[in-house]
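What follows is one structure encoded as structure tokens, with my remarks underneath.
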Amino acid sequence: MSEPAEISVLVVDDDFRVAEVHAQLVRAVPGFRVAGRAGSAAEARAMAAELRPDLVLLDVYLPDESGLNLLGRLDADVIMATAAADAESVRAALSGGVYHYLIKPFTGAHLAERLTAYLRFRRQVGVTGHLSQADIDEALRTLYGGPGAPRPAGKGHAKITSQLVMEALERSDGPRSAAEIGTEIGISRTTAQRYLASLAQAGKVRVTLRYGSTGRPEHQYSWRPDQGL
């Protein structure tokens, strides 16, 4: 059994902006390349059959059907990257054989830890010949042995921008979306979401979900007053 020089990844998310952000995060991790992006379950099936990716970064909320229905049908390993945090979805994904389950929003460091662990795991079990119990135990420890805590503000995060995001939340009367915060302080929605995700990982921001008429939840962020600025 030979391992590819790079792990090819198909990114599946119905929001093309989020898909591009996730693709950029994947490209930043050594040993990985992006094979393509899909915005629906049907497109994911077609692209997986054509591109034969090693790994799929998969959302649950897709416009034509649940991403959970794709598990076992893509002929690829899967890491979930989704806002679906209900126990039923998590159980279904784990039963379907996913390697990791990441709740949006997450940082680049958080994703990189999972991808790096997955890459090391692939290399450990990708050897030819017989694997001992010790080999298998070590490979599983590599995959699930407890990644380090994600860094709240890593490369590409400016302290002044983080401060502006915090101040905008602190003076808000209620939860705000990334788009609203971005508009207020003059940055893009994607950039605002990245900073908000870092603040959430650091425990400074509370994240909730608001369900609209489309049924797809929107992240809402609120300042934790006990944290201070």
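The figures that follow rest on heavy atoms only: side chains count, while hydrogens, waters and symmetry mates do not.
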Using modelled atom types and a 3.5 Å cut-off, is there a donor and acceptor pairing between side-chain atoms of [X] and backbone atoms of [Y]?
{"X": "D54", "Y": "I7", "answer": "no"}
{"X": "H100", "Y": "L143", "answer": "yes"}
{"X": "R176", "Y": "S172", "answer": "no"}

Quiz item: Out of curiosity, S222 OG to D173 CG, how far, rounded to the nearest 0.5 Å?
Solution: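 Between atom OG of S222 and atom CG of D173 there are 12.0 Å.
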Quiz item: D86 and S89: side-chain donor and acceptor closer than 3.5 Å?
Solution: yes
Quiz item: Just checking, any donor-acceptor pair under 3.5 angstrom between side chains of D77 and Y118?
Solution: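 D77 vs Y118: donor-acceptor pair found between side chains.
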Taking 4.0 angstrom as the limit, do [X] and [Y] come out as a salt bridge?
{"X": "E50", "Y": "R45", "answer": "no"}
{"X": "D13", "Y": "K104", "answer": "yes"}
{"X": "D15", "Y": "R189", "answer": "yes"}

Quiz prompt | Working for side chain to side chain contact (heavy atoms under 4.5 Å, CB included), residues Y99 and R122 | solution = CA-CA 11 Å; Y99 279 76; R122 282 281 300 254; 5.8 Å; no
Could you pull out the closest heavy-atom pair between [X] and [Y], with the gap in Å?
{"X": "F106", "Y": "I103", "result": "CD2-O, 3.5 Å"}
{"X": "L62", "Y": "D14", "result": "CD2-N, 4.0 Å"}
{"X": "V56", "Y": "A76", "result": "CG2-CB, 3.9 Å"}
{"X": "P53", "Y": "A48", "result": "CD-O, 3.5 Å"}
{"X": "L58", "Y": "G67", "result": "CD2-O, 3.4 Å"}

Practice problem: Evaluate the salt bridge (charged side-chain N to carboxylate O under 4.0 Å, His left out) criterion for residues E170 and K204: first the C-alpha distance (whole Å), next the side-chain angles of each, then the deciding distance (0.1 Å), finally the verdict. | Solution: CA-CA 11 Å; E170 197 274 339; K204 294 180 178 294; over 6 Å; no
Quiz item: Stepwise, does the side chain to side chain contact (heavy atoms under 4.5 Å, CB included) test hold for R52 with D75?
Solution: CA-CA 8 Å; R52 309 287 292 178; D75 194 24; 2.8 Å; yes
Is [Y] close to [X] at the side-chain level, that is, under 4.5 Å between some pair of heavy atoms?
{"X": "L169", "Y": "I181", "value": "yes"}
{"X": "I185", "Y": "L164", "value": "yes"}
{"X": "L68", "Y": "M80", "value": "yes"}
{"X": "L111", "Y": "L57", "value": "yes"}

Donor-acceptor list for residues 18-25 side chains, cut-off 3.5 Å, not counting sequence neighbours:
| from | atom 1 | to | atom 2 | distance (Å) |
| --- | --- | --- | --- | --- |
| E20 | OE1 | R37 | NH1 | 2.9 |
| E20 | OE2 | Q24 | NE2 | 3.1 |
| E20 | OE2 | R27 | NH1 | 3.4 |

Quiz item: Which pairs with one or both residues in residues 167-193 pass ring pair (Phe, Tyr, Trp, His ring centres under 6.0 Å), sequence neighbours excluded?
Solution: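 Listed once each, the pairs would be none.
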